[in-house]
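Here the structure is a predicted model, which is why all the values come from computation and not from measurement.
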Amino acid sequence: MKAKPKATRKRTSQKRAKAFTGVHALLVFPSGEDHKATLDLMRRFSAGVRYAYNRLLEGQPREELKRQDSPLCAFFGLNTRYADDAVLKAKATLDSAKELGENPRKVVFGGRGLFDQLKRRHLSGKPLKRLKREWREKRQGLLYSRGDRTKGGNLNLKLLVKEGALWLRINLGDGSYVHALVKTRHPNLSALVERVHASLPYNVELSLKDGKIYAAFTWEEEPAPLVATKENGILALDVNSDPYHIALALVSPDGNLRRYLTLSLEEVDQAPNKGAKELLLWKVAHQVVSLALEHGVAIATERLKHLPKGRRGDGSGRAFRRKQHRFAYASLLRKVHSLARKKGVQVVEVNPQDTSAIGMLKYAPQLSLSKDVAAAYVIGRRALGFKEKLPKGYGKLLRDERFRDHAQGFYASRVRELQAKKAQEQNPYLRRRLSREIGEAKRHLSLLSSLQGSPGSQEGSTNGRNPIGVNPWRVLRAGTFLPLLGREVPRDLSRLKPILFGGSWEGWRGGLGPHPGGGPECANVRST
């Protein structure tokens, strides 16, 4: 199977991401007064960040906020350099909210999760005290200072080497200083000390946890020259929680699948402690990057903003929550990206929209792949700039009014059956689960009803704004998986071949699966 990219495909040069190295350490204060003075400075700086954030929302420029006579200096007792760093922290928070598509005016400093827990007022005694302390520390325990080569490394938070020990000199904002011993065994400590002796810049961020002050020292390193790029192809990876593994697909520059394999992550799940888990994740990251270097290709991953992991009482079930909470997706991707940049491997992040659905519907039955490898293949093709065209068989299926009527009948019947079960169910947790399933069935019914005889965008990216251009992959998923295959996430997708190549779905009438029209024949439908 050979596919060609569109003639309008653009080749844009991506800006290399900055590579940072860091050291984490505990600060030990010989004097209790110095510790209190540092806590007070962190409180004032944190308040200054919140003040700067609100002023940025109002459109006030950075130059005005960092002036000597600005409220950041006058009211919060910060020098101009601290004030400028507070503005930069506020701007980073604002930019992050916009990038994630969140309302910037609803940002909660200290963490929305902790804030929501406090609002519920479901705790008392020691648990409530711990929660309030954690909230205060997150909200008031921040201090940040940028590095500066012209200032000998860092002006406000400066590292000093005295009598074989590493000390941090902290400017309290009024010209006075306190000192703290830097206590760490971090493997990058020697590199940090070298920067101190060479007067090279380093950033310092102080944070508060359980009454102790911790420091994070970071500095930018020149990224290694690229030796593996997407011009030679893509190694795409898709991380899955059930079974817990990575699916890898090696995609050639022309969009064809050259090789695929999987790496199990069950050993990571069985690690006895966090340290062992981190070592195993690094081992997997090295395997992925080594494979990319072996073939001289770039690495492609999905750009995920949020992975819902569920919470107790939401009706998702204990087994589902356990699988999701063990899911170290973000941690593994950070390690893969970091190691790839150090080794000179290009990293490409793609929009995750419908990668799993396209893989299951198109490439899993067409190439006899597992759903996870098929999703990784779609990620790789998307990273290369290819658009996924809707197969003719699926286009014919979407134009078949009988198919749409049967699928709508299935979900209408399913809604009625689930509502009847919910009315008789006494367990509140099971009622929530049934409510969730009812809502999902109604969304699928609405999706099928909105399809007005058009197969939609060939690119599958209309975002649902135009009913005529409804996303065809989502309609196909809703119309085939549960009504025809009996599962929301089926494992055996080979039965879609007759539809994929010919658009014929009548074969299910012969007892190959649940009847698509709903009713008693659908009793064996299972949700996963």
Side-chain angles (χ1 to χ4, degrees), residues 1 3 6 351-367 369 371 374-375 377-378 381-382 386-415 440-490 492-510 512-519 521-522 525 527:
M1 188 255 336
K6 288 189 174 183
N351 183 352
Q353 180 178 333
D354 301 322
T355 52
S356 296
I358 295 172
M360 287 190 286
L361 288 163
K362 187 175 181 179
Y363 294 113
Q366 183 177 346
L367 303 177
L369 303 174
K371 68 177 185 64
Y377 183 32
V378 174
R381 284 175 54 84
R382 186 169 292 181
F386 289 89
K387 305 295 183 181
E388 299 298 344
K389 293 184 179 180
L390 196 69
K392 292 182 180 180
Y394 285 147
K396 179 181 177 182
L397 183 70
L398 291 177
R399 290 189 292 270
D400 190 332
E401 292 185 6
R402 295 174 302 165
F403 165 74
R404 295 200 302 273
D405 291 343
H406 276 283
Q408 290 175 20
F410 169 86
Y411 282 110
S413 174
R414 181 167 172 78
V415 169
E440 187 68 19
K442 287 182 176 179
R443 284 191 291 272
H444 286 166
L445 185 60
S446 176
L447 187 63
L448 289 159
S449 301
S450 67
L451 187 67
Q452 300 176 359
S454 167
S457 166
Q458 295 277 314
E459 300 178 9
S461 57
T462 62
N463 296 324
R465 291 188 296 269
N466 183 1
I468 297 297
V470 68
N471 189 307
W473 301 106
R474 295 179 185 177
V475 176
L476 286 167
R477 180 170 185 166
T480 58
F481 285 4
L482 261 180
L484 299 184
L485 300 182
R487 285 184 178 271
E488 290 182 353
V489 185
D492 181 14
L493 294 155
S494 61
R495 293 164 58 194
L496 290 176
K497 283 187 177 180
I499 300 178
L500 178 67
F501 294 110
S504 172
W505 59 280
E506 296 292 341
W508 273 275
R509 286 178 180 268
L512 296 178
H515 191 278
E521 296 88 350
C522 295
V525 169
S527 300

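When every heavy atom of E488 is checked against every heavy atom of R477, the shortest pair comes out as O-NH2, 4.0 Å. Between V415 and A441, the shortest heavy-atom distance links the atoms CG2-CB, 3.7 Å. Nearest heavy atom pair, residue F481 against residue M360, reads CE2-CE, 3.6 Å. The two residues W473 and K362 make their nearest non-hydrogen contact at CH2-CD, 4.0 Å. Considering all non-hydrogen atoms of both residues, L448 and G479 come closest at CD2-CA, 4.3 Å. The minimum heavy-atom distance linking A374 with A364 is given by the pair CB-N, 3.8 Å.
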(request) Take R414 and E440 through the side-chain contact (heavy atoms from CB on, under 4.5 Å) test and state the conclusion after the steps. (result) CA-CA 10 Å; R414 181 167 172 78; E440 187 68 19; over 6 Å; no
(message) Under the criterion side-chain contact (heavy atoms from CB on, under 4.5 Å), I'd like the reasoning laid out for D492 against L485: C-alpha separation, chi angles, the key distance, then a yes or no.
(response) CA-CA 8 Å; D492 181 14; L485 300 182; over 6 Å; no
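Of the possible donor and acceptor atoms, none in the side chain of K396 sits under 3.5 Å from a partner among the backbone N and O of I499. With hydrogens and angles ignored, the 3.5 Å screen pairs a side-chain donor or acceptor of R404 with a backbone N or O of L398. Remark: the backbone N or O of K442 is not paired with any side-chain donor or acceptor of S446 at under 3.5 angstrom. With hydrogens and angles disregarded, a donor-acceptor distance shorter than 3.5 Å links the side chain of Y394 to the backbone of L361. Within the 3.5 Å criterion, the main-chain N or O of L445 finds a donor-acceptor partner in the side chain of S449. A donor-acceptor pair under 3.5 Å is formed between the side chain of T355 and the backbone N or O of P352.
No side-chain heavy atom of Y377 sits less than 4.5 Å from a side-chain heavy atom of R382. Annotation: side chain of V489 is not in contact with side chain of R487 (no heavy-atom distance under 4.5 Å). Side chains of F501 and Q366 form a contact here, defined as non-hydrogen atoms less than 4.5 Å apart. Between R443 and R474 there is no side-chain heavy-atom pair separated by less than 4.5 Å. When side chains are defined from C-beta on, F410 does not count as touching L484, because their heavy atoms never get closer than 4.5 Å. No side-chain heavy atom of N471 sits less than 4.5 Å from a side-chain heavy atom of L447.
With values rounded to the nearest 0.5 angstrom, L369 atom CG is found 10.0 Å from L493 atom CG. Residue I358 holds its CD1 atom at 14.0 Å from NZ of K389, rounded to the nearest 0.5 Å.
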